[in-house]
Amino acid sequence: MPPLDHYATKDGLPIVTNNALPALNRDRAAEQSSAPQSAACRSCGAGNLSLILSLGHTPLANALLTASQLDQPEETFPLDLTFCDACTLVQITETVPPDKLFRHYFYLSSFSDTMLRHARQIAHRLISQRGLGPDSLVVEVASNDGYLLQYYKDEGIPVLGIEPAENIARIAGEKGIPTRCDFFGAELAEKLAIEGRYAHVIHANNVLAHVADLNGVVAGFARLLRPSGILVVEVPYVKEMIDRCEFDTIYHEHLSYFSLTALDQLFRRHGLLIHEVEQLALHGGTLRVFAIKADIVLHPAGTVRQLLTTEASWGVREISSYQGFAANVERLRESLASLLHRLKAEGRRIAVYGASAKGSTLLNYFGLGHEVFDFVVDRSTVKQGLYTPGTHLPIYAPEKLLEEMPEYVLLLTWNFADEVLEQQAEYRAAGGRFIIPIPEVRIV
């Protein structure tokens with residue numbers, strides 16, 4: 001078992017030394033410590049960023065490996081979480097080039113029944129509420145494999161997906177979802193506007209967190225949206241991340257971690273008003289905001305005012321609200337590692353469910369790999385046959401659980417726990433048990 005982190009201080013805040021890194025990454029941490037990092041807030045530009053948590057150097061969370069790549073050095077990058085004292089945005093300091101992260105991607109939303117159900121519900125709701133029809137246009141930014149737009153298309157409503165991952169855009173096209181393979185921003189929005197492709201509805205689900213140029217993307221939303229249109233944005237909720245110790249949400253693709261307070265300031269800067277907000281249980285805590293052009297005479301709904309007040313009471317603007325996060329992560333690490341090593345010492349076989357990005361953060365930062373786990377299973381066929389970044393665990397189809405019958409399975413996609421546990425009813429009936437690590441370690 002790797003040594004537990006040793007805490008030092010920087011400007012009065014806890015930081016984690018490189019002793020926390022898995023051996024695989026620790027050797028390369030020093031030589032890459034000079035990698036470029038952000039000195040200013042991605043939203044407001046202020047330079048007063050305070051450190052919340054350092055996860056050391058880790059590989060890219062979705063950089064799955066082929067067998068031929070296992071002996072090659074893996075590129076790692078710093079993963080440091082900070083807080084902007086000026087606008088409250090929580091963000092990492094490192095910006096990995098988007099082409100490296102997103103041009104070839106392994107996450108397909110359609111492999112999750114939960115995501116499909118979630119998409120169908122919001123599509124049907126907006127079709128009804130907004131009176132959408134054949135003369136409307138629905139645009140989704142980072143549209144993945146068409147998992148959401150398909151429900152609009154099925155109702156005869158014109159759609160346009162914008163998806164930078166070439167392999168996934170191709171899959172969406174094969175499904176009949178018109179998809180533009182590009183990164184969205186002010187420039188692309190201007191091109192679409194010139195073409196007359198103004199949107200009645202713009203969806204942006206779990207994409208704003210991935211964006212380095214926040215102002216460019218939000219300005220693009222404002223440019224592309226019809227005067228009476230609506231923008232629907234979903235982001236992981238930073239308050240839930242802090243309160244529930246969901247540190248595995250932190251990886252290089254997720255540059256920003258939003259409160260409603262931070263979103264409100266960002267949107268107002270570009271003439272958009274958050275009119276309504278909903279808190280969803282999805283992904284361990286999600287904010288869904290509905291934004292309109294600010295020149296429309298509408299005041300924010302009570303849900304917006306109420307949540308802004310709740311965040312103020314919680315201390316969204318105070319660094320002290322975030323300072324205990326690192327210590328909570330350390331306690332979780334000790335709890336999970338102790339359990340897994342005890343089970344292994346008892347001769348138990350342990351597998352992993354979910355070759356997910358959040359799983360990569362947990363395994364690499366906690367230093368857990370072959371010494372504990374036998375293999376990983378994942379429902380996504382594009383991941384099967386590959387290996388996890390950093391830890392090099394082989395990925396199989398979920399049927400492997402019944403074939404091998406490990407006594408325990410660590411559920412890294414804990415945000416889809418209900419769905420996975422239902423799908424694995426046969427394995428559980430045969431005596432298999434799942435370990436759910438977040439927000440606290442429990443066995444089901």
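These values consider heavy atoms only, across backbone and side chains, with no hydrogens, waters or symmetry-generated copies.
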Legend entry - Donor-acceptor pair, side chain of S128 and main chain of R125, under 3.5 angstrom: no

Legend entry - Intermediate values then yes/no, side-chain contact (heavy atoms from CB on, under 4.5 Å), N415 and K358: CA-CA 10 Å; N415 49 316; K358 60 173 68 247; 3.5 Å; yes

Legend entry - Side-chain heavy-atom pair N215, L266 within 4.5 angstrom cut-off: yes

Legend entry - Side chains of L410 and F373 in contact at under 4.5 Å (non-hydrogen atoms): yes

Inset, instruction - Inspect the contact between E140 and R180 and indicate whether a charged nitrogen and a carboxylate oxygen are less than 4.0 angstrom apart. - result: no

Inset, instruction - Could you tell me whether the side chain of R269 and the main chain of A219 form a donor-acceptor pair under 3.5 Å? - result: no

Inset, instruction - Examine the side chains of E234 and H118 and answer whether a donor and an acceptor come within less than 3.5 Å of each other. - result: yes

Legend entry - Note, E94 side chain near D80 side chain (heavy atom, < 4.5 Å): no

Inset, instruction - Please round to the nearest 0.5 Å and tell me the distance separating atom CG of D135 and atom CG of L137. - result: 11.0 Å

Inset, instruction - Just say parallel, tilted or perpendicular for the rings of F184 and F221, cut-offs at 30° and 60°. - result: parallel

Inset, instruction - Please indicate whether Q306 has more than 12 foreign heavy atoms, meaning atoms of other residues, nucleotides or ligands, lying under 6.0 Å from its CD. - result: no

Inset, instruction - Could you tell me whether R379 and E419 make a salt bridge, using a distance below 4.0 angstrom between a side-chain N and a carboxylate O? - result: yes

Inset, instruction - Step through the shown structure and confirm whether more than 12 heavy atoms of other residues, nucleotides or ligands are within 6.0 Å of CD on E190. - result: yes

Inset, instruction - Decide if atom CD of E278 counts as having more than 12 heavy atoms of other residues, nucleotides or ligands within a radius under 6.0 Å. - result: yes

Legend entry - Greater than 12 external heavy atoms within 6.0 Å of D418's CG: no

Legend entry - side-chain contact (heavy atoms from CB on, under 4.5 Å) between K191 and I194, intermediate numbers included: CA-CA 5 Å; K191 290 179 181 177; I194 291 172; 5.8 Å; no

Inset, instruction - Answer yes or no: is there a side-chain heavy-atom contact under 4.5 Å between L255 and V211? - result: no

Legend entry - Donor-acceptor pair, side chain of Q150 and main chain of Y147, under 3.5 angstrom: yes

Legend entry - Close side-chain approach of Y396 to Q384, heavy-atom, < 4.5 Å: no

Inset, instruction - Can you label the angle between the F77 ring and the H252 ring as parallel, tilted or perpendicular, going by 30° and 60°? - result: perpendicular

Inset, instruction - With side-chain contact (heavy atoms from CB on, under 4.5 Å) as the test, would you mind laying out the steps for T261 and L307 before giving the verdict? - result: CA-CA 9 Å; T261 301; L307 189 53; over 6 Å; no

Legend entry - Main-chain N/O of A262 paired to S259 side chain as donor or acceptor, under 3.5 Å: yes

Legend entry - Stepwise ring-ring contact (aromatic ring centres under 6.0 Å, His included) check, H203 with Y152: CA-CA 12 Å; H203 283 281; Y152 288 103; 5.6 Å; yes

Inset, instruction - With F247 as reference, evaluate Y257, Y322, F366 under the ring-ring contact (aromatic ring centres under 6.0 Å, His included) test and give the passing residue. - result: F366

Inset, instruction - Flag the pair S256 / L214 as yes when at least one side-chain heavy-atom distance between them is below 4.5 Å, and no otherwise. - result: yes

Inset, instruction - Give a yes or no answer on whether the side chain of E318 reaches the backbone of S320 with a donor-acceptor pair at less than 3.5 Å. - result: no

Legend entry - Side-chain heavy atoms of S50 within contact of D85, under 4.5 Å: yes

Inset, instruction - Tell me yes or no: between the side chains of T388 and T391, is some donor less than 3.5 Å from an acceptor? - result: yes

Inset, instruction - Check step by step if side chain to side chain donor-acceptor pair (under 3.5 Å) holds for R130 and S136. - result: CA-CA 10 Å; R130 309 295 294 185; S136 306; over 6 Å; no

Inset, instruction - First locate atom CG of N364, then atom NE2 of H57, and finally report the distance between them rounded to the nearest 0.5 Å. - result: 13.0 Å

Inset, instruction - May I ask you to decide if F416's main-chain N or O and T413's side chain share a donor-acceptor pair within less than 3.5 Å? - result: no

Legend entry - Exam field: side chain H210 to backbone N206, donor-acceptor pair closer than 3.5 Å: yes

Legend entry - 4.5 Å side-chain heavy-atom contact, P178 and V159: yes

Legend entry - Backbone of I127 reached by a side-chain donor or acceptor of E155 within 3.5 Å: no

Legend entry - salt bridge (charged side-chain N to carboxylate O under 4.0 Å, His left out) partners of D248, counting only residues at least two apart: none

Legend entry - Flag, side chain of E163 to backbone of N144, donor-acceptor distance under 3.5 Å: yes

Inset, instruction - Using the six-membered ring of Y365, assess whether NZ or CZ of R333 lies under 6.0 Å from its centre and within 45 degrees of the ring axis. - result: yes

Inset, instruction - Please test L362 against L336 for side-chain contact (heavy atoms from CB on, under 4.5 Å), starting from the C-alpha separation and ending with a verdict. - result: CA-CA 10 Å; L362 187 148; L336 181 61; 3.9 Å; yes

Legend entry - Rounded distance (nearest 0.5 Å) linking atom CD1 of I202 with atom CG of L225: 4.5 Å

Legend entry - Y237: ring pair (Phe, Tyr, Trp, His ring centres under 6.0 Å) partners, not counting sequence neighbours: none

Legend entry - Flag, side chain of D264 to backbone of L260, donor-acceptor distance under 3.5 Å: no

Inset, instruction - Report the distance from atom CG of L160 to atom OG1 of T179, rounding to the nearest 0.5 Å. - result: 7.5 Å

